[in-house]
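First the structure, in the form of structure tokens, and then the observations on it.
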Protein chains: 4
Amino acid sequence: MLRKVPKQSRSEEMVSCILAGATRVLRRTPLASTTTNHIAEVAGVSVGSVYQYFDSKETIATTLFRRHLADSAQLLRRVRTESRGYSAEKRLRMPFVELLRDHRSDIMLHQNLMGVMETSRPTAETQSLIREITNEIAAVLGEEFPAIDQDEIKLCAALRQRYSVTLVHSSMIDPTLDRDGVVLDHFDSLSKANIKALGARARSRRRARVS
Amino acid sequence: MLRKVPKQSRSEEMVSCILAGATRVLRRTPLASTTTNHIAEVAGVSVGSVYQYFDSKETIATTLFRRHLADSAQLLRRVRTESRGYSAEKRLRMPFVELLRDHRSDIMLHQNLMGVMETSRPTAETQSLIREITNEIAAVLGEEFPAIDQDEIKLCAALRQRYSVTLVHSSMIDPTLDRDGVVLDHFDSLSKANIKALGARARSRRRARVS
Amino acid sequence: MLRKVPKQSRSEEMVSCILAGATRVLRRTPLASTTTNHIAEVAGVSVGSVYQYFDSKETIATTLFRRHLADSAQLLRRVRTESRGYSAEKRLRMPFVELLRDHRSDIMLHQNLMGVMETSRPTAETQSLIREITNEIAAVLGEEFPAIDQDEIKLCAALRQRYSVTLVHSSMIDPTLDRDGVVLDHFDSLSKANIKALGARARSRRRARVS
Amino acid sequence: MLRKVPKQSRSEEMVSCILAGATRVLRRTPLASTTTNHIAEVAGVSVGSVYQYFDSKETIATTLFRRHLADSAQLLRRVRTESRGYSAEKRLRMPFVELLRDHRSDIMLHQNLMGVMETSRPTAETQSLIREITNEIAAVLGEEFPAIDQDEIKLCAALRQRYSVTLVHSSMIDPTLDRDGVVLDHFDSLSKANIKALGARARSRRRARVS
DNA sequence: AATGAATGAGGCTTCATTCAT
DNA sequence: CATGAATGAAGCCTCATTCAT
């Protein structure tokens, strides 16, 4: 994805600069009206240098998005390893709350990053990161429901991930959701339904196998 | 919203043409890379005509989004009037299934429409349309639970609407989630929980009144 | 110049309406950013009607300019016939003062009308109107200097007309000229020089003829 | 005024190119019907480069006008330093003749430049350049009449400058006025009157001081 | 590598003019 | 004739990208 993998510290610094600049810009400006020149200016480097390391502004946004995904995956893994013994519901609620807080403090930035996903087809690396996140969720569910089929658990995990994301984004858009913990209430409802559905599907499958 | 309210039938036709063209374009192209000229071309009208009625492509998308909301409200109303006698759960499932199908057959179009919501603050008219949809849901719930307080019903309706939207969009962002009816299973779980909660509130209220 | 000479009262009314509208518009808007549609709107008629009577917005401005020239010529003629017996200097000062007042009350309008002159080559009719004005000035000078050659007088008249116009316009542009009668002082200086030059050329011609 | 102050020699060249191109265009085309693209094309640079340095064609014309003022000031200074010993009248006539010739060989260009003045309020820089020109005239007068009060001389210089401009523009609007040196004759009349007035003031002052 | 000036395709928008009603 | 919606050529301007220094 990077045109050139930075090997020297100077190059790494350059890339960090550009990404930091882009982050600052995307916090205030919709991606559509962001310009490469502006990113370069804010980053304190020249446009030429931006093109030294990135193919286009979409590439920059995508990189930023991948970093965000990687951070999220890491958060989930950390919480999972540190929370053994608690119920799946609790273990999955914690990172949600944290992500919610992160997003709220940088609404436009995250809207911009989401926009990247919506506009371009996800790359293999992006999909792999998403899978990593789903796997983390699935791991927690699997520890609570060891009897349930792995595929089934992965589906539930994927759905849960999706609506977590949707809820976070909804909370950024819809001001009525942005207070009194309404979003958390929704999350809890969906979470309960998610786990109940898991049980239901498990039972129906067992019945199907028996008959 | 429209720059000029069409007075002659010719104008109404013009607006329809433009919206139809925009629909066709947005089914294939992300809003960001859509151009006014392209919409005009596909619509078979001149750019000038587009600007006669719309300020920008965003305005067109917003109009389309409002039409979508209006269509959804109408669908709910139609189903409600045609399904008297059935259980609330069934009466609310039907339009969900239909909306789910609609969205999945036009994923990019609906992603584009959602993008409009995400980018701009909702207008009074948009909010009013959403309220209309909530009211339809509330009406169905109210017919099944005539004893329950209106405010209580409205709250449940609002929550149910949000869940539904969340699920539809989740299924849109990752279509693989709809294998094996996973989304529908989750909808059913949520729906049952929603109605159960309503019943619970009804009973507790009755108890409160008795004692 | 007019596409069609209005014969019926309705048509005349139409033309008056359009010119009145254009006048109102050009009082506030530079000709370059004036639009036919706006003129029509302010005039309270449809664009189509404007094109029924005028070829283009330039034609409208030109017509307005011609009316202004005709008015000026009429003013000069009136003052000339009513001021016999006074010195040429006084007789020519009076209309200047009046024109100065007129222009000051409608600065942008007159700037716009001048712009028409500067942009397009003057038509035969325009030139004829200007000649009419020059002739009025020449008549006054001729009455005071009956011995001087007619051609010489016409040249002086033309120059006087030109710098009168230039002074009026300068007074509109340069704020330092717009107070304490500075413009009038200039006019008087130029006027005196004009008349002196007339005498000087007369003498030099006489000398040339003699030798 | 310039969007960006050219730092590299390449940039200065660019700006010169654009101004040269604009000059060539404005010699043939009224500013109103001049386009940025056309200027760029004639200048042999891309539109983008034009916009890198100028906000609009008006800005370009304004720059050209300022250069013209600066050139005029320089001309006056040069003539003044090279003509010591001659009478003030002769020293001031020379640059007038030259400016007259310049303007007549580029009538439309100078009409366009004047148009800029008429359309926009004069900036501080423009006013400063005009003051510079007035100072040059005042310097010449001051050398001939060292006894006269500076303020008095400045007033005469300012008036003389205005007359000159008025005459030059008159001859531009109607070139036939320059047959037989009519404009020059008028200039001489005004010049004599101007200097006579100065002498008169000088004498009256001396008298005032004596008595 | 870094720089930043130069490029120019292409999007946006206006508005003079036409023409069906 | 009057109307005003429709047209589309043409100007404006931006900004992703290149490339000489």
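Because only heavy atoms are used, hydrogens play no part in the values below, and waters and symmetry mates are left out as well, while side chains stay in. Order of the sequence lines fixes the chain letters, A, B, ..., with proteins taken first and strands second; residue numbering starts at 1 for each chain. In this text, all values refer to a predicted model and were calculated from it rather than measured experimentally.
Taking both residues in full, the closest heavy atoms of D:A32 and D:K57 are given as O-NZ, 3.2 Å, listed atom of the first, atom of the second, then distance. Between B:V50 and B:I18, the shortest heavy-atom contact is CA-CD1, 3.8 Å. Closest non-hydrogen pair, C:V45 versus C:C17, comes out as CG1-CB, 4.3 Å.
As rounded to whole Å, 13 Å separates atom C1' of E:dA5 from atom CD of D:E12. As rounded to whole Å, 11 Å separates atom P of F:dA2 from atom CD of C:E13. Rounding to whole angstrom units, CD of residue D:E41 and C1' of F:dG11 are separated by 14 Å. Summarising the geometry, the separation between CD on C:Q52 and C1' on F:dG4 is reported as 14 Å, rounded to the nearest angstrom. Look at CE on D:M14: it is 15 Å from C1' on F:dC19, rounded to the nearest Å.
Taking the centre of each ring, B:H110 and B:H169 stay at or above the 6.0 Å mark.
Helical stems in DNA chain F, defined as runs of 3 or more consecutive Watson-Crick or G-U wobble pairs with donor-acceptor distances under 3.5 Å: E:2-21 with F:2-21.
Of the possible polar contacts, none joining the B:T126 side chain to the B:P122 backbone as a donor-acceptor pair under 3.5 Å is found.
Side-chain nitrogen and oxygen atoms of D:S46 include at least one within less than 4.0 Å of the OP1 or OP2 phosphate oxygen of E:dT7. Between B:Y53 and the phosphate of F:dA5, there is no side-chain N or O to OP1/OP2 separation shorter than 4.0 Å.
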Q: Heavy atoms under 4.0 Å is the rule here; annotate nucleotides 12-17 of chain F 5' to 3' with B where the base is hit, S where only the sugar-phosphate is, and - elsewhere.
A: BBBSBB
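Other residues, nucleotides and ligands contribute only 12 or fewer heavy atoms inside 6.0 Å of the CD atom of B:Q74. With a 6.0 Å radius and a threshold of 12 heavy atoms from other residues, nucleotides or ligands, C:R67 has its CZ atom at or below the threshold.
Residue pairs meeting the side chain to side chain donor-acceptor pair (under 3.5 Å) criterion with at least one member in residues 35-48 of chain B, sequence neighbours excluded: B:T36-B:Y51, B:S46-B:S49.
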